[in-house]
Protein chains: 2
Amino acid sequence: MAKSSARKTRVPRGEARERIVRAAVEAFAEKGFEAASTRDIAQRAGTDQGLLTYHFPSKDALWRAAADRVFGIFESLDDRLASLEHADPKERSRGVIREFVRLMAKHPEFFRFMVDCGNRTDARQRWLVDTHIKPRFEYMKEHGVARVAGIEEAAVPHAFYALAGAAALIFAVAPNCRRLTGLDPRKPDAIEAHAEFIANLVVP
Amino acid sequence: MAKSSARKTRVPRGEARERIVRAAVEAFAEKGFEAASTRDIAQRAGTDQGLLTYHFPSKDALWRAAADRVFGIFESLDDRLASLEHADPKERSRGVIREFVRLMAKHPEFFRFMVDCGNRTDARQRWLVDTHIKPRFEYMKEHGVARVAGIEEAAVPHAFYALAGAAALIFAVAPNCRRLTGLDPRKPDAIEAHAEFIANLVVP
DNA sequence: CAATCGACTTTTCAATCGACAAGGTTCGGG
DNA sequence: CCCGAACCTTGTCGATTGAAAAGTCGATTG
């Protein structure tokens, strides 16, 4: 001990990698794929850029790891929705929507990932749709609001994007909303107000 | 004539500048501010990067010119809304919403500009909010759906972002929607279907 | 006709990008 | 004890970035 070097005693395996993924999620959500530099991500993670290329063969691979992380947020949603199974249809629909809004508020990075590569047609966009968005879309079609609120088959895409946009936009552009309206959508009160507003919109 | 040089005989003043702004709108909407390079914009406009710095002192200034252009789309909306003045309140609300959705479909770049700098807190975001978004927000508060649909004052920010997100997201991530659902939201049928869906949502 | 100006192109610059190579440090197992 | 593997740092590569300087050329003016 007592070495002059303040070096840490070796962090557990994968600890730095974990920090890198977290920093990547943050940076990609904030700036988009191309504008977020690997050096910026490394700095947020408290390491150097060289370590990124050690843990991930390319920036693209790092982005995919970050996307995996982002879409993992839905696992917590499934548990919460299960507790609503016993409620009556109308109140259950409202509960589902409220939980979805709360999730978007807690993880605005989901919306930003989706929008960032949403109008591209490259491999990254195809990968994101096929591996992450599609399963969620199917899940919503089967267990979501569609059946309860009585939405016909052809309107499902419209409902999907309308709900996602209505629920998430205000949190994805929180500084914008704060400056424009004076309301900070990140505050708990505002989150609940938005959840209630969207629930009233979809299930009056 | 018949010079070997294919040089054009001098285009009218500001013609190239106009092409540059149009190309900038396209590139900024597609990739975001930082990821859109001035050379890419120049190529879309059919000129060189040097001409950009001749017409605009900086990339930031070019972006502001592009933003001015993007928010100019609302002028055409005002005319269309005026023709709805005589309708009864409920049908007028539905008409306003439908026109708004059609506008978002025609100009998805609006939504992308808004989201791209929506979660920053820098000078660009402040400029966009103060010069362009705020007037639109106030306009909607006075003449928009708020009064007709009976939305209380405190819910106006929620309504604003919910409507914007619900109406515009599907068009802003059109390739995403196409791959995910098979529906191309850029087609006229899909646009009308989305307009009808959103109108039914807000004014049942 | 000569001078000049505005519009545009070409060249160049330092800074930064993603990727990679080479070396250093630390730890567990033989 | 030591040795290989895992983890991490440093240095460097060509390519690309925004910006600016310098050069080109047609139209205008005096």
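Order of the sequence lines sets the chain letters (A, B, ...), proteins ahead of strands, with each chain counted from 1.
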Taking for A:D40 and for A:G50 the nucleotide of DNA chain C with the nearest heavy atom, the one nearer the 5' end belongs to A:D40
For B:K59 and C:dT16, give me the distance from atom NZ to atom P, rounded to whole Å. 14 Å
Would you mind reading off the distance between A:F56 atom CZ and D:dC8 atom P, rounded to a whole angstrom? 12 Å
Any strand, both distances under 3.5 Å, Watson-Crick or G-U wobble: C:dG30 pairs with D:dC1
Mind checking what makes salt bridge (charged side-chain N to carboxylate O under 4.0 Å, His left out) contact with B:R136, not counting sequence neighbours? B:D78
Length of the line joining A:L52:CG and C:dG18:P, which is rounded to integer Å: 9 Å
Pair assignment for D:dT29, Watson-Crick or G-U wobble, requiring both distances under 3.5 Å: C:dA2
Side-chain N or O of B:T47 versus OP1/OP2 of C:dC8: is the shortest distance under 4.0 Å? no
Can you tell me if the side-chain N/O atoms of A:Y54 get under 4.0 Å from OP1 or OP2 in D:dC7? yes
Side-chain H-bond candidate by donor/acceptor type, B:N176 with A:R120, under 3.5 Å: no
Side-chain N or O of B:T53 less than 4.0 angstrom from OP1 or OP2 on D:dA19? no
Check the distance between D:dT10's C1' and A:L51's CG and give it to me in whole angstrom. 12 Å
Can you find a heavy atom in the side chain of A:N200 that is under 4.5 Å from one in the side chain of A:R94? yes
Among D:dT12, C:dT9, D:dA19, which nucleotide has an atom closest to any side-chain atom of B:D48? C:dT9
Could you check how far CZ of A:R17 sits from P of D:dC8, rounded to whole Å? 11 Å
Can you measure B:E34 atom CD to C:dC17 atom P for me and round it to whole angstrom units? 10 Å
Sugar-phosphate only, base, or nothing, as touched by A:A36 at under 4.0 Å among non-hydrogen atoms: sugar-phosphate
Distance test, side-chain N/O of B:H55 to OP1/OP2 of C:dC8, below 4.0 Å: yes
Counterpart residues, side chain to side chain contact (heavy atoms under 4.5 Å, CB included), relative to B:K59 (two or more places apart): B:F28, B:F33, B:T38
5′-ward residue of the pair B:Q49/A:G46 relative to DNA chain D: A:G46
Between CZ of A:R39 and P of D:dT17 the distance, given in whole Å, is 16 Å
To the nearest Å, how far apart are A:Q43 CD and C:dT16 P? 12 Å
Hey, are the side chains of B:L169 and A:L169 touching, using non-hydrogen atoms and a 4.5 Å cut-off? no
